[in-house]
Amino acid sequence: MAKMQINPDMLPFNDYIQETGSNGYGSWIKYKNGIMITARTTNTISVDITSAWGNLYVGKINDYYRFPQYFIEAPTVIYDIIPAASLGCFAAKYNAPIITNEKIDELWVARPNSTTGVLVKVNIIAIGKWK
């Protein structure tokens, strides 16, 4: 009788979680199939939103944000700007963010009035390959 060969890549549990963790840059989940999801909420930062852009004003966040683990290539990133005080604002796609396998940079914030010292946090989720 012939012995049946099983391809381990076809097993339903092949995509199980291989590792989870966290550090000062956020948390991550690594899956055996090479996918990684990272998440981070930044500390509160101050942004000057003073550059006119049509009927809005924009301001660049002067920091870049490292991912808690490096990807092997630039991941897909979803981010949002969260007001940390009563001054409303939102993420603006004024310029494209710069995304590498290590970090995201060039994030912009907008609001209807020119204001300095707007306090915000940034929520960042990145999905890509770790191996």
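The structure displayed is predicted, hence computed values, not measured ones.
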[atom1]/[X] to [atom2]/[Y] distance, rounded to the nearest 0.5 angstrom?
| X | Y | atom1 | atom2 | result |
| --- | --- | --- | --- | --- |
| Tyr57 | Arg111 | OH | CZ | 11.0 Å |
| Asn95 | Leu107 | CG | CG | 11.0 Å |
| Gln18 | Lys30 | CD | NZ | 8.0 Å |
| Glu106 | Asn62 | CD | CG | 9.5 Å |
| Phe90 | Ile82 | CZ | CD1 | 13.0 Å |
| Glu73 | Trp130 | CD | CH2 | 14.0 Å |

Please say whether the positively charged group of Lys103, taken as NZ for Lys or CZ for Arg, lies over the ring of Tyr79, i.e. under 6.0 angstrom from the six-membered ring centre and within 45 degrees of the axis.
->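 No - Lys103 does not lie over the ring of Tyr79 by the 6.0 Å and 45° rule.
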Test side-chain contact (heavy atoms from CB on, under 4.5 Å) on Leu87 and Leu119 and set out the steps.
-> CA-CA 8 Å; Leu87 290 175; Leu119 300 177; over 6 Å; no
Cluster link [X] to [Y], ILVMFWY, side chain under 4.5 Å:
| X | Y | value |
| --- | --- | --- |
| Tyr65 | Val77 | yes |
| Ile17 | Ile37 | yes |
| Val58 | Ile61 | no |

What are the two closest heavy atoms between Ala126 and Phe67, and how far apart are they?
->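 Between these two residues, the closest heavy atoms are CB-CE2, 3.7 Å.
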Shortest non-hydrogen contact from Phe71 to Ile127?
->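 That closest heavy-atom pairing would be CE2-C, 4.0 Å.
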Should [X] and [Y] count as side-chain neighbours, where that means a heavy-atom distance under 4.5 Å?
| X | Y | value |
| --- | --- | --- |
| Ile81 | Trp108 | no |
| Tyr64 | Ile98 | no |
| Ile99 | Pro75 | yes |

Side-chain polar contacts of residues 40-56 - donor-acceptor pairs under 3.5 angstrom, sequence neighbours left out - could you list them?
residue, atom, partner, partner atom, Å
Arg40, NH1, Arg66, O, 2.9
Thr41, OG1, Asn123, OD1, 2.7
Thr42, OG1, Val122, N, 2.9
Asp48, OD1, Gly117, N, 2.9

For Trp28, check ring pair (Phe, Tyr, Trp, His ring centres under 6.0 Å) against everything at least two apart and list the hits.
->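 Listed in chain order: nothing, the list is empty.
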With distance as the sole test, does Asn23 use its side chain to make a donor-acceptor pair with the main-chain N or O of Pro68 at under 3.5 Å?
->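 Side chain of Asn23 to backbone of Pro68, a donor-acceptor pair under 3.5 Å: yes, one is there.
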